[in-house]
Protein chains: 2
Amino acid sequence: MSTSESDPAVATRETILAAATALFGDLDYPGTSIRDIARAVDMLPGSIYAYIDSKEAILYTIVSTGIEQFVAAVESLDPATAPDERLEQAIRAHVDIVAENPQRALVVFHQWRYLGDESRAKVITARRRYEEFFRATIGEGIKTQAFRSDLDVRYATLTVLGALNWTPEWVHADDPASADSGRKLADILLAGLRPVDEDTP
Amino acid sequence: MSTSESDPAVATRETILAAATALFGDLDYPGTSIRDIARAVDMLPGSIYAYIDSKEAILYTIVSTGIEQFVAAVESLDPATAPDERLEQAIRAHVDIVAENPQRALVVFHQWRYLGDESRAKVITARRRYEEFFRATIGEGIKTQAFRSDLDVRYATLTVLGALNWTPEWVHADDPASADSGRKLADILLAGLRPVDEDTP
DNA sequence: CCTACCGATCGGTAGG
DNA sequence: CCTACCGATCGGTAGG
């Protein structure tokens, strides 16, 4: 029951998961073999199975804990905050999490496809919750007139999510400018949603 | 030298490429085997090699002709058109090409990673040209004051490209509404770039 | 386009 | 965490 950080088996498991995340991010799940992961952590291929159940279980752990991190970030935002400000906070939180580990973000948002049926269904549910936050926040912003009344919620959401899902391609890991990146991205995206006469202070 | 559409060998080659595009789009390049492709076109695995040189040559053909299609679309736009209008045309052209075959777009924009060094370098050059068109057009729009003077060209370009690269996830093949999708996407993206006082007619 | 096949590599396991 | 191994599958080829 003890899973403190000093548990060596847990530490080894974390090392394996971190190595797998980097490899999946570079070469994709089917392009990465258990032997590749073993080599990265200086083990023999069979030894990996002392720490994990299967190759797919590695992917599932990475993807499910990853998507939960994104969901938790937006769902912990204060719902009393004005929708446009809340959307900005969500965009910045997303960029921050991507900047922590862009390869992990790449795995989380693209490689759930390789999961088996049950695992994939669970992950898709979490992804939907994440997307739903953005859709709801944008919809709310239209109601409060923080955003343009003629805005199509579907397309506005797809634009924001598209820009966010592209961030792992250009955000650098541990980039000290990532806070700035989030702010600039939010600035442009929000400008596209705001009514003309309320754009600048 | 004759490569008319009635050449049966060319037709078979096209059939193989189309099947491979769909499979790569669904399961990725490393997740798709030559045997999968052969099954899809009702051949035995070895027979494929009468039409193509290697598995990687299939990917290279799909990706290079695909990216050229996107580049050609934007580079054929009239450079005399106002930058904001030209950007709208480019966004709509992008969505139209994605709608023709979303799986192909997925392969073109994500799976060039699996190419060998020389092939990958060629494709990256074409990708850069495509991105450069958007960067240059946005930069031009700032100069002509069609876009906000305080706009950061880098982030504006990344926002537009992100939204465009996400379209294969939601545009449906042969969607009759795809023209509408392009227009709505362009509308939101351009609103984010335009100055406040010139937004609506 | 088929038959028949190659060496390499895959995910995973038994038994310690 | 290692030794030793399994059956399955991989990309690709010779020879027709």
On DNA chain C, reading 5' to 3', which nucleotide is the first and which the last to sit with an atom under 4.0 Å from a heavy atom of chain B, could you check?
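Taking any atom under 4.0 Å from a heavy atom of chain B, the span is dC1(C) to dT3(C).
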Taking only Lys NZ, Arg NE, NH1 and NH2, and the carboxylate oxygens of Asp or Glu, determine whether E88(B) and R92(B) approach each other closer than 4.0 Å.
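Looking at E88(B) and R92(B), the cut-off is met.
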Decide, yes or no, whether a salt bridge links R148(A) with D150(A) under the criterion of side-chain N to carboxylate O below 4.0 Å.
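Salt bridge flag = yes for D150(A) with R148(A).
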Out of curiosity, R129(B) CZ to R127(B) CZ, how far, rounded to the nearest 0.5 Å?
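Reported value, rounded in 0.5 Å steps: 13.5 Å.
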From NE2 (H172(B)) to CH2 (W170(B)), nearest 0.5 Å:
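Taking NE2 in H172(B) and CH2 in W170(B), the distance rounds to 9.0 Å.
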When you look at CG of D53(A), are more than 12 heavy atoms from neighbouring residues, nucleotides or ligands closer to it than 6.0 Å?
no
When you check the side-chain N and O atoms of Y114(B) and D28(A), is any donor under 3.5 Å from an acceptor?
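Side chains of Y114(B) and D28(A): pair found under 3.5 Å.
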Across all strands shown, which nucleotide pairs with dG15(C) by Watson-Crick or G-U wobble geometry, both distances under 3.5 Å?
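Because both required distances fall under 3.5 Å, dG15(C) counts as paired with dC2(D).
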Anything under 30° is parallel, anything over 60° is perpendicular, the rest tilted; go ahead and classify W166(A) against H110(B).
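W166(A) vs H110(B) ring planes: perpendicular.
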Hey, can you tell me if F70(B) and H94(B) have their rings parallel, tilted or perpendicular (30° and 60° cut-offs)?
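Plane angle between 30° and 60°, so tilted.
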Could you list by number each residue of residues 40-53 of chain B showing a heavy-atom separation from DNA chain C of less than 4.0 Å, or answer none if no residue does?
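Those residues whose heavy atoms fall under 4.0 Å from DNA chain C, taken from residues 40-53 of chain B in numerical order, are M43(B), L44(B), S47(B), A50(B), Y51(B).
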